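Residue numbers start at 1 and run along the sequence shown. For clarity, every value in this text was computed on a predicted model and none was experimentally measured.
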Amino acid sequence: MKYPNKVFYISIFLLALGVNFAGIATRFITDDPGLYASIAKNLIYKNNFFELFTYNRDWLDKPHFPFWCAWVSFNIFGISAWAYRLPALLFFLLSLLYTWLFTRRYYGKQTGAIAVLILATALNTVLANTDVRAEPYLMGLIIGSIYHIARLNERFSVKHILLAALLTACAVMTKGIFVVVAIYGALLGQLLFRGQFKSIFRFRWLWLAVLTLIFTLPEFYALYLQFDLHPEKTVFGRQHVSGIRWFLWDSQFGRFANNGPISRKTPGNMLFYGHTLLWAFAPWCLLFYYAVFEKFKAIWRRKPLPEYFALSGGLLLLLLFSVSRFQLPFYTNAVFPLFAVVTAPVCLGRLSNFGTKFRLITQWMFIILLPALVIALNILLKPSDNFYIITGVLLFGLAAALVLIKIKETCRRMFLLSCITVLFAGFYANTVFVNEIVPYKGQIAAAEYINQEEFYNTRVYVLNDENNIFQFYCKRPIELVPIETFGSFEPPDPSVFYVNQLTMDDLNSRHASFKIVRTFVDYPKENILPAFINRDTRIQTLGKVYLIAK
């Protein structure tokens with residue numbers, strides 16, 4: 001790579017890091033991060049490393065690894081939103097490192113740099129690093145596992161087998177056993193497409209599985225300690241629930257069939273991720289589809305590819321997600337590093353006439369569409385502070401101008417402009433857009449109110465388990481009182497109950513006796529309605545939340 005190009009790549013990489021970290025201190029506006037951060041906070045409140053609780057009740061849904069990472073961060077830096085996000089962002093950085101190592105090994109340094117930029121600038125990568133769930137962890141763990149397995153496939157090494165097993169175990173302790181579909185599926189695809197059938201039965205793979213199981217033992221121990229040792233506990237409305245069985249079977253296959261205790265009302269759709277990737281993996285999705293087509297065409301013509309790990313692992317897990325009946329947009333983020341490896345060679349490589357035109361058209365489409373979308377949003381949003389939008393326009397506008405002036409090669413110029421435009425959109429989302437929503441989150445305002453010194457000795461309750469942002473920002477343990485028992489419940493004095501509008505309506509229908517302590521304006525939805533974006537119609541979308549007392 002020529003020196004001027006290297007400067008641009010490094011500069012845009014640094015911009016990408018800045019955008020991905022821009023939302024680290026932003027307050028939570030969705031329920032899941034509030035829930036996960038609250039569970040990690042409760043590990044500290046209860047001084048209990050192995051058992052997970054929410055609203056002072058046993059919680060059985062996700063494995064422990066992300067909560068343990070957040071627990072470490074909270075102990076070092078204190079309990080805050082940015083301390084919750086920090087370990088996830090470190091695993092995001094790990095995913096960039098392993099994407100670089102893997103792609104450089106099989107495709108060269110330039111393609112490795114392209115793959116890193118693709119991963120760092122995919123739209124849902126940027127958004128998920130603010131709305132943190134398990135996916136940033138999985139990005140680093142899955143590509144890291146595959147990299148060390150690829151090295152282990154070439155030559156046995158104690159270092160690579162230990163790291164492969166450790167990272168695979170951490171991935172399993174993050175999302176469950178289905179993640180091995182991507183990890184071991186990548187290996188299986190490599191061996192089958194290479195015709196190395198006998199290599200499937202190498203003794204090293206048995207050792208890898210055994211070591212992975214050993215490294216996963218903390219998860220089994222934690223589940224056994226909290227649930228299998230206590231069959232009298234009531235979980236999902238029944239007793240004798242095995243945490244280990246849940247981890248190995250119910251949490252995975254129950255979600256896959258969408259018939260477990262935790263399910264979604266809408267059935268799965270085989271095409272869901274096909275169209276979701278159009279925005280989630282923007283601006284690279286169409287090039288990814290083209291790259292997959294070209295790779296399968298080469299396989300059909302029996303032309304050897306540099307590697308088959310990324311194609312096999314990424315598509316197998318995407319297929320599994322697609323046939324699942326429990327589908328969420330951010331699931332595919334876990335295999336974005338593999339998608340980046342698949343896509344990178346077609347971004348600057350020599351293509352057919354059709355491929356060259358397709359690459360140019362798709363990149364121009366996103367280069368025009370994303371800034372136009374940001375400008376339209378800003379006009380409707382009418383933010384109270386224009387500092388971030390002005391900063392974004394100047395910073396990314398200058399970067400785009402320099403690329404246009406200095407970079408003469410068309411495909412390289414288009415690639416860098418695509419990176420810049422999506423970073424501009426991500427920067428806007430993680431600063432202006434999110435911060436415009438926060439003042440309308442009544443859960444945050446209610447928590448800040450109850451955190452005042454005059455309420456220091458006040459016990460706090462909720463009447464349903466969908467108030468996790470409030471649970472996190474309230475600086476004390478929160479307990480759940482089922483709404484059916486509210487009438488007979490005798491709270492200590494002083495005490496307050498946080499209720500949202502649905503709960504308030506339910507209480508009124510039951511003719512419950514209570515007094516309102518404070519009312520707060522609230523935007524109750526997680527999906528952002530157009531009427532909310534438009535400041536002129538925003539008031540129509542707002543509701544209220546309450547602090548009440550008996």
Side-chain angles (χ1 to χ4, degrees), residues 99-116 118-119 122 142-143 146-147 149-154 181-202 270-271 273-275 277-278 281 283-323 332 335-363 365 409-412 414-415 418:
T99 300
W100 159 254
L101 292 173
F102 184 91
T103 315
R104 182 188 65 175
R105 186 165 190 83
Y106 291 101
Y107 299 93
K109 290 183 178 180
Q110 177 170 273
T111 307
I114 294 166
V116 168
I118 289 173
L119 177 58
I142 289 176
I143 186 62
I146 291 173
Y147 170 75
I149 287 174
R151 297 296 303 273
L152 189 63
N153 184 52
E154 297 169 2
V181 171
I183 297 170
Y184 292 158
L187 171 64
L188 184 63
Q190 173 75 4
L191 298 179
L192 292 179
F193 284 124
R194 290 284 188 189
Q196 299 170 335
F197 304 108
K198 292 182 179 179
S199 297
I200 297 173
F201 305 101
R202 284 176 174 172
M270 278 289 292
L271 300 178
Y273 289 106
H275 60 74
L277 285 174
L278 290 174
F281 200 54
W284 315 113
C285 179
L286 295 175
L287 287 179
F288 166 69
Y289 288 153
Y290 176 80
V292 170
F293 170 76
E294 287 295 311
K295 286 183 181 292
F296 274 113
K297 188 167 70 173
I299 292 171
W300 179 260
R301 295 175 178 176
R302 298 187 177 182
K303 295 181 179 179
L305 301 177
E307 54 82 28
Y308 299 89
F309 289 102
L311 185 69
S312 304
L315 292 186
L316 275 174
L317 198 56
L318 182 62
L319 177 63
L320 182 67
F321 289 151
S322 296
V323 299
T332 53
V335 285
F336 275 8
L338 302 178
F339 290 177
V341 174
V342 171
T343 308
V346 305
C347 287
L348 299 188
R350 181 173 295 178
L351 306 179
S352 64
N353 288 335
F354 169 78
T356 301
K357 292 178 181 178
F358 181 80
R359 178 172 62 191
L360 188 66
I361 292 170
T362 57
Q363 288 188 304
M365 182 175 69
E409 188 180 351
T410 301
C411 62
R412 197 178 306 277
M414 300 303 295
F415 173 76
S418 296

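A 4.5 Å side-chain heavy-atom check between Lys109 and Trp100 finds at least one atom pair inside the cut-off. The shortest distance between side-chain heavy atoms of Leu191 and Tyr308 does not fall below 4.5 Å. Using a 4.5 Å heavy-atom cutoff, the side chains of Leu286 and Leu278 are in contact. Using a 4.5 Å cut-off on side-chain heavy atoms (C-beta onward), Leu318 and Phe339 make contact.
Between Trp284 and Phe415, a ring centre-to-centre spacing shorter than 6.0 Å is recorded.
Distance alone, capped at 3.5 Å, is enough to place a donor-acceptor pair between the Glu307 side chain and the Ala310 backbone. The closest donor-acceptor contact from the side chain of Thr111 to the backbone of Gly108 lies at 3.5 Å or more, if one exists at all. In this structure, Arg412 contributes its side chain and Leu348 its backbone to no donor-acceptor pair below 3.5 Å.
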* side-chain contact (heavy atoms from CB on, under 4.5 Å) assessment of Phe288 paired with Val346 -> CA-CA 8 Å; Phe288 166 69; Val346 305; over 6 Å; no

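In this structure, the separation between CD1 on Ile114 and OG1 on Thr103 is 10.0 Å, given to the nearest 0.5 Å. Considering CG of Leu311 and CG of Leu305, their distance stands at 7.5 Å, rounded to 0.5 Å. Atom CD1 of Ile183 and atom CD1 of Ile146 lie 6.5 Å apart (nearest 0.5 Å). In this structure, Leu320 CG and Leu315 CG are separated by 12.5 Å, a value rounded to the nearest 0.5 Å. Summarising the geometry, atom CD1 belonging to Ile118 is positioned 7.5 Å from atom CG belonging to Leu287; distances are rounded to the nearest 0.5 Å. Here the CE-CG distance, from Met365 to Leu360, works out to 12.0 Å after rounding to the nearest 0.5 Å.
Residues passing the side chain to side chain donor-acceptor pair (under 3.5 Å) test with Arg104, sequence neighbours excluded: none. Partners of Tyr106 by side chain to side chain donor-acceptor pair (under 3.5 Å), not counting sequence neighbours, listed by chain and number: Glu154. By the ring pair (Phe, Tyr, Trp, His ring centres under 6.0 Å) test, Phe309 pairs with no residue at all, sequence neighbours left out. Residues forming a salt bridge (charged side-chain N to carboxylate O under 4.0 Å, His left out) with Lys297 (at least two apart in sequence, or on another chain): Glu294. By the ring pair (Phe, Tyr, Trp, His ring centres under 6.0 Å) test, Tyr107 pairs with no residue at all, sequence neighbours left out.
Shortest non-hydrogen contact noted between Leu338 and Gly314 is CD1-N, 3.4 Å.
Between Phe102 and Tyr147, the ring-plane angle classifies as perpendicular under the 30° and 60° cut-offs. Note: Phe336 and Phe281 have tilted aromatic rings, judged against thresholds of 30 and 60 degrees for the angle between ring planes.
For residues 188-202, the set of pairs meeting the side chain to side chain donor-acceptor pair (under 3.5 Å) definition, not counting sequence neighbours, comprises Asn153-Arg202.
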